[in-house]
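All values reported here derive from a predicted model rather than from experimental measurement. Just so you know, residue 1 is the first one in the sequence shown, and it goes up from there. Atoms within each ligand, like the ligands themselves, are counted from 1 in listed order.
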Amino acid sequence: MFERRGREKVMAFVMAGGEGSRLRPLTADRCKPAVPFGSRYRIVDFVLSNLANSDIRSIYLLVQYMPQSLIEHIRKAWTVSPLFSEQFVTVVPPQMTKEHMHFGGTADAVYQSLNLMNMHRPDLVAVFGADHIYRMDVRQMVRFHCENEADVTVAALPVPLDQVSNFGIIETDSSGRIHGFQEKPAQAKPMPNDSQRAYASMGNYLFRADMLREALEEAHQRDETDFGHHVLPRLSKTHRVFAYDFSTNVVPGTKPYEEAGYWRDVGTLDTYFAAHMDVLGTEPCFDAFNPQWPIYSSHYQGPTARVIRGDLDNVLLGAATIVSDATIRNSLLRREVVVEPGAVIEDCVIMDYVRIGAGARLRHAIIDRHNKIAPGTQIGYDHERDRAAGYHVTEGGLVVLPLGDVRYYAREGYRDGGGYSE
Ligand SMILES: Nc1ncnc2c1ncn2[C@@H]1O[C@H](COP(=O)(O)OP(=O)(O)O[C@H]2O[C@H](CO)[C@@H](O)[C@H](O)[C@H]2O)[C@@H](O)[C@H]1O
């Protein structure tokens, strides 16, 4: 790992207010950063772990849409003993003054929280999204920012031309300095050295602290509320704004078989599901196991999973899950799932506290938490029948069951107030 060039003090705003409407029904009751991911994480854990592993530990999480589940998760998973840290992750809701009843956009959310900078007096402010699956050593971006004496640095990577309308698209010169920034254009020019792809913002920015304050005050005067639509296009004309090439980021402990520069937006149900398949296999393209760059999550104290006979192939099992005499392939089951005898589960993501009844057959499906699947049920075999049962079926043929009854737990113990807290 490199030495930090100076001793820049960095604080972070993590933008966690997004609705994630394309992830419905998974975001019907929670914001996108709170959506579970993998065998034990929430999406927000990736950015928070990246910041924590990069020694950035003054983190404010700006929330807005359906924040309750996210707040609970932060309280349970990210509360550090005051003995070790005065400040760690603090959740910041909109301040609800007469003037501001909610955050108008990402820039407005930071504008309303500018007073939090007074306490820390940072040199640099990181404004990062909370919606992505990736590992990143942010210190390397800080070093790049300082070496270029940048006012703003935007983390960037190439995206296929047919996806430019989902991203902020950047034009740079050979030094990496940004001369054009267009938020979600219908079309864009390809990169000079790659005719199939355009250079896109990852939604992660570093700002010189005093400059951020000035830029947001000016944006506020102009009634401009969004980094991508307003602040960055304007600053790229008047200030030193650079693109940090994410493909140069080296994360310690990355295995040779992993995809270089792995980063996924998981913006739709189909891409969210595909990212789950990326963590499976003997050589996954994104390996959850990396002791040099851990992804932190809840402090669940339950026991390991238990398999009492079964035909399992390429499966991740969460803690306290029980499988009895079932067939499971290419799937992730999170914690406290119960799979009864004769059940068949293929290409599925089964979230926490779900019970799969005896003889049920599930294929290419996501089952949100707290669902009880009755014995003999078939899901993913006949999409007409799935729709008739009220399930969501995506264009890609993925069947998604929304959150079940939150009072239902597949395993005994909760009903009398027992069980493990996360
Ligand atoms: N009012 C609010 N308060 C607090 N948090 C909020 C918020 N509104 C959204 N957020 C959060 O801010 C981040 C950015 O979300 P946006 O919906 O503004 O932009 P989007 O992700 O589409 O594009 C952005 O991210 C892509 C990369 O995915 C870039 O290419 C693009 O330029 C950039 O605008 C997300 O983490 C979201 O959860």
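Gln301 places a side-chain N or O within 3.5 Å of a backbone atom of His299 that can act as its donor or acceptor partner. In this structure a side-chain-to-backbone donor-acceptor pair under 3.5 Å is present from Arg334 to Phe37. Between the side chain of Ser49 and the main chain of Ile295, no donor-acceptor pair closer than 3.5 Å is present.
The contact set between ligand 1 and Met202, taken as ligand atoms under 4.0 Å from a residue heavy atom, comprises 27 (C). Residue Gly129 has at least one heavy-atom neighbour below 4.0 Å for each of these atoms of ligand 1: 36 (O). Near Ala109, meaning under 4.0 Å from any of its heavy atoms, are these atoms of ligand 1: 3 (N). Each of the following atoms of ligand 1 lies closer than 4.0 Å to a heavy atom of Leu62: 4 (C), 5 (N).
Heavy-atom distances between Lys32 and ligand 1 stay at or above 4.0 Å for every pair.
The proximity of Lys184 to ligand 1, defined as any non-hydrogen pair under 4.0 Å, is limited to the side chain. Of the heavy atoms in His132, only side-chain atoms (C-beta onward) come closer than 4.0 Å to ligand 1. Contacts of Gln64 with ligand 1, taken as heavy-atom pairs under 4.0 Å, involve the side chain alone. Here Ala200 has no heavy atoms under 4.0 Å from ligand 1, in either its backbone or its side chain.
Taking OH of Tyr381 as the start and CD of Glu346 as the end, the distance is 5.0 Å to the nearest 0.5 Å. Between atom CD1 of residue Ile373 and atom CD of residue Gln378 there is a gap of 12.5 Å, rounded to the nearest 0.5 Å.
Between Gly168 and ligand 1, at least one N/O pair is under 3.5 Å apart. Considering backbone and side-chain N/O atoms, Gly228 never comes within less than 3.5 Å of an N/O atom of ligand 1. Distances between N or O atoms of Met15 and those of ligand 1 include at least one value under 3.5 Å. Looking at ligand 1, you'll find an N or O of Ser201 within less than 3.5 Å of one of its N or O atoms.
With sequence neighbours left out, the salt bridge (charged side-chain N to carboxylate O under 4.0 Å, His left out) criterion links Asp287 to Lys255. Under the side chain to side chain contact (heavy atoms under 4.5 Å, CB included) criterion, Ser39 pairs with Leu316, sequence neighbours left out.
If you check the side chains of Asp137 and Asn249, you find no donor sitting under 3.5 Å from an acceptor. Using a 3.5 Å distance cut-off with no hydrogens or angles, the side chains of Ser175 and Asp173 do pair a donor with an acceptor.
Atom 8 (N) of ligand 1 has its nearest heavy-atom neighbour, among Ile170, Val47, Thr106, Asp108, in Thr106.
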